[in-house]
Amino acid sequence: MRLTLSIKPSAVRPDPLRFVASFLQSKTWIKQAVYALLQLLVINILIGLLNQQSQAQTDSTTYYKIENQLDSCFNLQSSDRDAALRMAKKASLLAKEIQSWHQLAIALECQGIINFYLGTFDTASTYLNQAKMYNKKSKTIKGLASIYNNLGLLEQGKGNFPKAKVLFKQALKADTHANDLIGKSYTINNLGTVYYHQGIGDTALLYFEQARQIAIEVNDTAGIINYHSNLGLLLKDQGNFKEAIRHFTKAESLCQAIGDKSGELICQFNRGDIYMEQGEFTAAKTIYTNCLQELELLNDAELRTHCLLAIGTVLQKESKLKESNDWYQKALKETEQYKNNQLICNILTKMGVNFALDSDFRKAQSYYRLSLQIAQRNGLLLEISENYKQMAIAAAKFLSNDSASFYIEKYAASRYYGSTDLTYTALEDSTSNSNTSPNGLKHFTSFNLAIKFILILALLFTGLAIAPILIRSLAKKKDESAANSHNNGQ
């Protein structure tokens with residue numbers, strides 16, 4: 001009996017790799033998977049487009065709302081500065097919400113200008129520098145020159161003429177880059193006013209002439225009026241009263257031609273100043289009084305204040321100190337409408353001078369101190385300097401030389417004319433203006449979505465094509481490995 005060797009076949013274990021490979025090779029499955037993924041992607045894209053369209057409509061509506069608020073702000077700047085400030089703040093919040101940096105820069109600049117008019121110079125500087133930052137963030141050159149000009153006027157108002165020149169030159173670069181000839185004319189005119197305030201008349205005149213030539217070239221009547229007005233002021237300070245009056249008269253006729261009533265009255269006011277300088281007090285008071293009567297029809301509280309202040313100054317020169325202070329008090333009350341701290345300081349100081357002339361040292365010092373406090377609180381460097389100067393004069397007259405020396409030292413330390421703080425950075429040129437319209441508020445395009453969609457599909461098909469090959473390769477390698485193991489076992 002022959003014994004036979006019986007080999008029992010081992011149980012076949014399921015191979016997951018082979019199962020997956022065969023499953024992936026099914027074309028029906030691939031079609032279903034691709035179809036499902038395409039449906040999902042299309043639905044997501046449609047939802048994204050609908051959301052973006054809805055957001056764009058909302059942003060567009062908000063954009064025009066901000067524009068209206070900014071228009072209201074500009075219209076209210078002279079008549080109701082508190083309301084103008086509220087409008088500008090609302091515009092700032094909305095512009096930040098929709099990331100409209102150009103509009104935000106304009107709203108911040110408005111707040112800076114209003115605070116400049118209010119005499120709160122430190123606050124004005126903060127807003128204007130923020131406006132400059134957001135203007136650069138918006139990558140638009142439009143409006144940058146205006147911001148630099150206002151920063152320059154702010155420093156000029158403080159008496160920091162070197163820094164003012166730097167800022168005006170920055171504005172000039174921006175005007176040149178933007179090819180804005182009218183803006184260039186105004187900036188050159190501002191450079192001239194810096195030299196005028198420094199007493200460098202010849203250089204100021206060169207700038208005024210250059211600004212006039214550009215204004216004539218572009219037919220800008222307002223720029224030509226600026227030329228005649230500034231030249232009149234320069235000639236007045238040089239004592240050439242006849243020529244000064246001629247230029248003020250020319251400026252007044254141009255204001256009449258374009259219907260600028262406020263400008264017309266300012267020219268008349270300047271002629272009144274000349275009469276006061278010449279000692280023709282009756283003629284000066286007549287002009288100031290006529291201006292006040294004309295201003296009843298205009299909502300210009302600031303010009304009314306200057307007229308009241310000028311009448312008080314004429315009476316002071318006539319040694320009518322009590323009457324003078326009565327007019328100063330009227331001027332002070334007028335400032336309640338628009339709260340110009342710089343002008344308030346000037347009025348209080350002039351009242352202090354009247355009390356000093358009347359030998360009432362205690363009252364004089366109290367007015368000087370009050371004016372000084374307002375000036376220090378708002379960064380009004382010229383007013384700080386003027387009050388220390390008047391305190392020194394009063395101390396020398398009523399107290400001792402030591403007391404006067406104390407105030408003289410304070411006066412010397414507070415003077416800002418010699419400042420050479422030129423720490424402002426150079427102008428950064430920007431050429432893009434993509435955020436200046438509602439369509440440019442956000443940079444979403446269907447092109448970007450299409451690119452993303454194509455990339456996702458490409459990756460998907462690549463993965464589906466490669467996966468079966470990789471799995472078959474792994475299964476083959478596993479079969480070879482099993483066969484080798486079996487052979488080695490035998």
Side-chain angles (χ1 to χ4, degrees), residues 74-81 84 113-114 116-119 153 157 186 189-190 193 196 208 212 215 220-237 241-278 280-317 324 327-340 342-344 346-347 350:
F74 282 118
N75 293 333
L76 292 167
Q77 274 187 106
S78 298
S79 58
D80 190 345
R81 286 175 182 160
I113 292 168
I114 294 167
F116 174 67
Y117 287 147
L118 293 173
L153 290 169
Y186 282 102
N189 179 74
N190 285 338
T193 62
Y196 161 72
F208 292 152
R212 182 178 76 98
D220 178 31
T221 305
I224 299 169
I225 290 170
N226 278 340
Y227 164 77
H228 287 292
S229 296
N230 286 330
L231 190 55
L233 292 170
L234 181 61
L235 291 166
K236 184 196 80 170
D237 288 354
F241 298 131
K242 184 177 179 181
E243 279 299 298
I245 287 177
R246 186 175 72 83
H247 281 283
F248 287 143
T249 304
K250 178 65 176 175
E252 185 180 352
S253 65
L254 289 171
C255 287
Q256 288 174 343
I258 63 173
D260 182 4
K261 189 63 180 177
S262 290
E264 186 183 334
L265 292 174
I266 289 171
C267 293
Q268 292 178 20
F269 180 90
N270 287 331
R271 288 211 314 274
D273 282 351
I274 289 177
Y275 289 125
M276 182 164 60
E277 289 285 333
Q278 291 178 307
E280 298 180 31
F281 299 136
T282 303
K285 278 191 287 188
T286 300
I287 288 177
Y288 297 143
T289 304
N290 288 340
C291 284
L292 275 175
Q293 290 173 351
E294 294 278 351
L295 284 166
E296 292 298 324
L297 303 174
L298 298 176
N299 193 12
D300 194 336
E302 190 162 353
L303 189 51
R304 282 200 302 272
T305 304
H306 282 288
C307 288
L308 294 166
L309 190 57
I311 293 171
T313 302
V314 171
L315 291 166
Q316 184 188 77
K317 289 180 179 292
S324 173
W327 283 93
Y328 288 154
Q329 196 67 49
K330 290 178 183 177
L332 197 60
K333 186 172 181 60
E334 194 72 33
T335 61
E336 292 175 1
Q337 294 188 41
Y338 60 97
K339 301 172 185 174
N340 185 318
Q342 190 175 28
L343 205 48
I344 290 169
N346 289 334
I347 296 168
K350 283 181 174 291

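Please read these numbers as outputs of a predicted model, since none were measured by experiment. Sequential numbering from 1 along the given sequence is applied to the chain's residues.
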pair Lys250-Ser253: side-chain heavy atoms closer than 4.5 Å = yes
Would you tell me whether Tyr288 and Asp273 have side-chain atoms, one donor and one acceptor, within less than 3.5 Å of each other?
-> yes
Are Trp327 and Val314 side-chain neighbours, meaning at least one heavy-atom pair lies under 4.5 Å?
-> no
Considering all heavy atoms of both residues, which atom of Lys236 and which atom of Phe241 are nearest to each other, and what is their separation?
-> O-CE2, 3.4 Å
Is any side-chain heavy atom of Lys333 closer than 4.5 Å to a side-chain heavy atom of Lys330?
-> no
Nearest non-hydrogen partners of Phe248 and Leu233, listed with the distance | CZ-N, 3.5 Å
What are the two closest non-hydrogen atoms of Ala284 and Gly272, and how far apart are they?
-> CB-O, 3.5 Å
How long is the span from the CD1 atom in Ile287 to the CD atom in Glu280, to the nearest 0.5 Å?
-> 9.5 Å
Thr305 vs Thr335 side-chain heavy atoms within contact, under 4.5 Å | yes
Got a donor-acceptor contact below 3.5 angstrom from the Ser324 side chain to the Thr313 backbone?
-> no
Could you go through the salt bridge (charged side-chain N to carboxylate O under 4.0 Å, His left out) check for Glu294 and Lys261 one step at a time?
-> CA-CA 9 Å; Glu294 294 278 351; Lys261 189 63 180 177; 3.4 Å; yes
Find out whether Leu298 and Ser262 are in side-chain contact, i.e. whether some heavy atom of one side chain is under 4.5 Å from a heavy atom of the other.
-> yes
Looking at Arg271 and Glu252, does any basic side-chain N land under 4.0 Å from a carboxylate oxygen?
-> yes
Which heavy-atom pair separates Lys350 from Gln316 by the least distance, and what is that distance?
-> O-NE2, 3.7 Å
Start with the C-alpha gap between Thr282 and Tyr275, add the side-chain angles, then the distance that decides, and say whether side chain to side chain contact (heavy atoms under 4.5 Å, CB included) holds.
-> CA-CA 9 Å; Thr282 303; Tyr275 289 125; over 6 Å; no
Spacing of Leu234 atom CG and Thr193 atom OG1 [to the nearest 0.5 Å] | 11.5 Å
To the nearest 0.5 Å, atom OH of Tyr227 lies from atom CG of Leu254 at 12.0 Å
Look up atom SG in Cys291 and atom CD1 in Ile311, then write down how far apart they are to the nearest 0.5 Å.
-> 9.0 Å
Are more than 12 heavy atoms from other residues, nucleotides or ligands located less than 6.0 Å from atom NZ of Lys285?
-> yes
Backbone N/O of Asn226 and side chain of Ser229: donor-acceptor pair under 3.5 Å | no
Answer yes or no: is there a side-chain heavy-atom contact under 4.5 Å between Met276 and Phe281?
-> yes
Looking at CG of Leu295 and NE2 of His306, how far apart are the two atoms once the value is rounded to the nearest 0.5 Å?
-> 11.0 Å
Side chain proximity check, Ile225 to Ile258, heavy atoms < 4.5 angstrom | yes
Any donor-acceptor pair under 3.5 Å linking the side chain of Asn189 with the backbone of Phe208?
-> no
Shortest non-hydrogen contact between Ile347 and Leu332, atoms and distance | CD1-N, 3.8 Å
Given side chains that start at C-beta, do those of Leu343 and Leu309 come closer than 4.5 Å, heavy atoms only?
-> yes
What distance separates Ile266 CD1 from Asp300 CG, expressed to the nearest 0.5 Å?
-> 7.0 Å
